[in-house]
Amino acid sequence: MTINASGWRPEMGGAGDTGPATFTGNKGLMLEEALIFEIGSTETTGVDFDEILPGTGRGIAGLLLAGGGGGSPPSPTLAAAPLHHSPEEANGSPPRAGEDRLANLARTAPIGLPGLSEPETVRHYTRLSRQNYGIDLGFFPLGSCTMKHNPRLNEKMARLPGFADIHPLQPVDTVQGALGVINELAMWLIKLTGMHGVAMSPKAGAHGELCGILCIKAALEARGEGHRNVILVPESAHGTNPATAAFAGYQVEDIPATPEGRVDTAALKARLGPDVAGVMITNPNTCGLFERDLKDISDAVHAAGGYVYCDGANFNAIVGRVRPGDLGVDAMHINLHKTFSTPHGGGGPGSGPVVLSEALSPFGPLPYTARTADGVVHLIEEADANAFERTHFGGPLNSFGRMVAFHGQMGMFTRALSYILSHGADGLRQVAEDAVLNANYVLRSLEDVLDAPFAASGPCMHEALFSDNGMAEGFTTLDIAKGLIDEGFHPMTVYFPLVVHGAMLVEPTETESKAALDQFIGALRSVAGRAKAGDPSLKSAPHYAPRARLDETLAARKPVLVWKDAPLAEAAE
């Protein structure tokens with residue numbers, strides 16, 4: 001192809017890492033970023049200060065020693081310099097000349113942090129951020145995590161001053177709008193799940209699990225059956241379920257899965273008895289399958305005197321299609337950051353409201369919101385609970401206490417309600433349908449090149465499960481995951497669920513287009529084909545990432561987490 005009248009044609013180099021080495025180590029816009037200690041010196045600071053700081057009696061050397069980049073101990077002359085206060089500066093009696101306000105808390109050794117200028121600091125963290133993969137860059141196939149696009153409308157609503165700038169200690173009459181959002185979202189969650197009440201305050205899925213288990217414990221103690229000390233957890237449940245039960249003081253017993261990846265109902269029923277407090281079951285489960293026998297399981301658990309906790313992390317696969325309350329569930333958390341599309345990852349912010357059955361609602365945590373006939377929304381705290389007996393509970397609340405200091409995650413409430421109202425009831429139903437459709441498209445498009453252990457049992461729900469069975473000798477799930485990085489994708493969830501050896505769990509979510517899925521499917525087919533053919537280059541992937549493959553065992557068992565400069569490192573060795 002020519003691009004000008006002279007007939008000059010551009011010369012195209014070969015693809016891949018075939019260019020010459022660069023002086024900087026950078027490869028175009030893939031910037032090599034040094035550690036922050038290698039950029040700045042511990043002997044300098046990025047900020048200039050006056051020699052004597054008004055009101056402190058400390059010189060620049062003393063300040064650096066207390067909180068800056070380093071320096072020598074404070075000069076006795078500077079430390080004893082007289083202080084000069086104006087009447088406006090004085091707050092009560094001014095300190096005496098030379099007085100050290102830090103007393104014996106003053107630093108006596110350099111802090112050892114590098115001093116960087118503002119441009120150096122901003123560039124360092126911006127360059128690091130470019131090495132992150134996020135949902136705004138591309139498809140994020142993490143199974144079980146539901147990493148879907150976050151509509152910007154939700155973000156806009158959450159940033160409105162009336163929501164973003166309020167404080168949890170404001171008087172209730174000044175935050176009626178915020179309380180109205182919490183109350184309306186609570187009503188939606190109750191309707192969508194077919195449950196009786198909801199605890200809005202838990203701040204994450206595992207936090208919600210704990211809330212539900214504490215409700216179960218309170219209910220059992222209230223009827224004099226606190227001796228029930230066993231929680232049954234199927235193998236197909238989320239990994240946090242047994243941890244939560246153990247944290248709440250229960251003994252945990254596993255229930256096996258059937259060959260098709262669902263709860264062994266017969267084994268569960270056989271274990272029920274007077275010591276069983278309840279069962280924690282995930283539906284859809286971590287194999288991406290719907291637990292068809294949940295109603296039968298619930299009936300059996302209730303008949304034996306226990307309660308049913310459902311892990312609702314995968315509610316996005318059934319929202320608008322199935323009401324867990326109709327299946328006999330007593331408590332279920334809902335990850336607002338998964339089902340209703342709010343920012344996810346990096347430790348938060350999350351939100352895990354817990355919907356409760358009529359049997360458990362009286363034991364839910366405080367606070368909660370209540371809308372009276374005059375339209376006013378009340379925040380019910382400990383001091384108000386007895387005055388707000390909810391007649392549909394048949395009496396006063398018997399709350400087990402509080403889960404958080406304040407009222408929950410306001411930003412997540414606003415985003416979730418925005419998402420719900422923008423979709424409507426029919427739109428939420430389509431969310432589930434599209435999520436399931438996309439997952440089955442991925443499953444059927446890859447089952448001829450990747451082992452799909454439960455494909456024969458019928459359609460999956462919102463995620464497709466594969467294994468590394470059938471790969472060439474020595475090639476594993478890890479090699480496939482690393483190969484996907486070279487293709488420009490964050491790997492899927494690997495080695496989970498544990499019921500499948502070498503598991504690869506892919507969740508496309510409902511927000512991905514067919515074109516995006518086709519590109520991912522093509523990339524995964526290519527990498528899987530290389531693994532089946534024994535391509536040795538796959539063992540050293542990724543090749544195009546900022547860092548090559550680590551020694552994963554050494555990185556896990558002997559991580560280098562502390563900076564040591566060369567002299568210190570040599571001395572330590």
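Values reported hereafter were calculated over all heavy atoms of this structure, with side chains retained and with hydrogens, waters and symmetry mates removed. Note that the structure is predicted; figures quoted are calculated from it, not measured.
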> How many angstroms lie between CG in N241 and CE in M280, if you round to the nearest 0.5 Å?
Replying inline: 4.0 Å
> Is the backbone N or O of T282 less than 3.5 Å from a side-chain atom of T286, with the two atoms forming a donor-acceptor pair by type?
Replying inline: no
> Side chains of R130 and L29: closer than 4.5 Å at any heavy-atom pair?
Replying inline: yes
>> Quick one: does any side-chain atom of T339 pair with a main-chain N or O of L336 as donor and acceptor, under 3.5 Å?
In response: no
>> I need the K148 NZ to F140 CZ distance, nearest 0.5 Å.
In response: 15.5 Å
>> Taking the basic N atoms (NZ, or NE/NH1/NH2) and the acidic carboxylate oxygens, is any pair closer than 4.0 Å for K295 and D326?
In response: no
> Roughly how far, to the nearest 0.5 Å, is NE2 of H337 from OG of S351?
Replying inline: 8.0 Å
> Below 4.0 angstrom, N of the basic side chain to O of the carboxylate: do R557 and D551 qualify?
Replying inline: no
>> I'd like to check M504 versus I480 (side-chain heavy atoms, cut-off strictly below 4.5 Å). Are they in contact?
In response: yes
> What distance separates M461 CE from N316 CG, expressed to the nearest 0.5 Å?
Replying inline: 9.0 Å
>> Using a 3.5 Å distance criterion without hydrogens, assess whether the side chain of N440 forms a donor-acceptor pair with backbone atoms of L437.
In response: no
> Among all residues two or more places apart in sequence or in another chain, which pass the side chain to side chain contact (heavy atoms under 4.5 Å, CB included) test with S540?
Replying inline: H543
>> Looking at every heavy atom in both F496 and L465, which two are closest together, and how far apart are they?
In response: O-CD1, 4.4 Å
>> Testing the basics here: between P459 and L289, what is the closest heavy-atom pair and its distance to 0.1 Å?
In response: O-CD2, 4.3 Å
>> For a quick test of reading the model, state the closest non-hydrogen atom pair linking M410 to F163 and the distance between them.
In response: CE-CD2, 4.1 Å
> Quick check: does any side chain N or O of K539 sit under 3.5 Å from a backbone N or O of G474, one acting as donor and the other as acceptor?
Replying inline: yes
> So, do L538 and F475 sit near enough that their side-chain heavy atoms are less than 4.5 Å apart?
Replying inline: yes
>> Quick check for you: to the nearest 0.5 Å, what is the distance between D264 atom CG and T258 atom OG1?
In response: 6.5 Å
> Hey, is the main chain of L142 close enough, under 3.5 Å, to the side chain of T493 for a donor-acceptor pair?
Replying inline: no
> Stepwise, does the side chain to side chain contact (heavy atoms under 4.5 Å, CB included) test hold for L428 with F340?
Replying inline: CA-CA 9 Å; L428 292 177; F340 302 117; 4.2 Å; yes
> Of the options H333, E209, H238, which is the one that meets T244 in a side-chain hydrogen bond (donor to acceptor under 3.5 Å, both in side chains)?
Replying inline: E209
> Got a donor-acceptor contact below 3.5 angstrom from the S445 side chain to the V442 backbone?
Replying inline: no
>> The test is side chain to side chain contact (heavy atoms under 4.5 Å, CB included); show your working for L446 and L524 and say whether it passes.
In response: CA-CA 8 Å; L446 290 167; L524 187 48; 3.5 Å; yes
>> Donor-acceptor check, side chain of E291 to backbone of V263, threshold 3.5 angstrom: yes or no?
In response: yes
>> Assess whether a salt bridge exists between E260 and R292, defined as any Lys/Arg side-chain N lying under 4.0 Å from an Asp/Glu carboxylate O.
In response: yes
> Does some side-chain heavy atom of R549 sit less than 4.5 Å from a side-chain heavy atom of D479?
Replying inline: yes
> With the threshold set at 4.0 Å, does a side-chain nitrogen-carboxylate oxygen contact exist between E447 and R444?
Replying inline: yes
> Looking at P242 and V233, what are the two nearest heavy atoms and their distance?
Replying inline: CD-CG1, 3.8 Å
> Are any of the side-chain nitrogens in E235 or R262 under 4.0 Å away from the carboxylate oxygens of its partner?
Replying inline: no
>> Between V329 and M195, is the side chain to side chain contact (heavy atoms under 4.5 Å, CB included) condition met? List the steps.
In response: CA-CA 8 Å; V329 170; M195 300 289 270; 4.1 Å; yes
> Donor-acceptor pair, T146 side chain versus K338 backbone, under 3.5 Å?
Replying inline: no
> Which atom pair, heavy atoms only, marks the closest approach of G40 to L116?
Replying inline: CA-CD1, 3.5 Å
> Do the side chain of E512 and the main chain of T509 share a donor and acceptor less than 3.5 angstrom apart?
Replying inline: no
> Distance-only, no hydrogens or angles: does the D486 side chain make a donor-acceptor pair with backbone N or O of Y544 under 3.5 Å?
Replying inline: yes
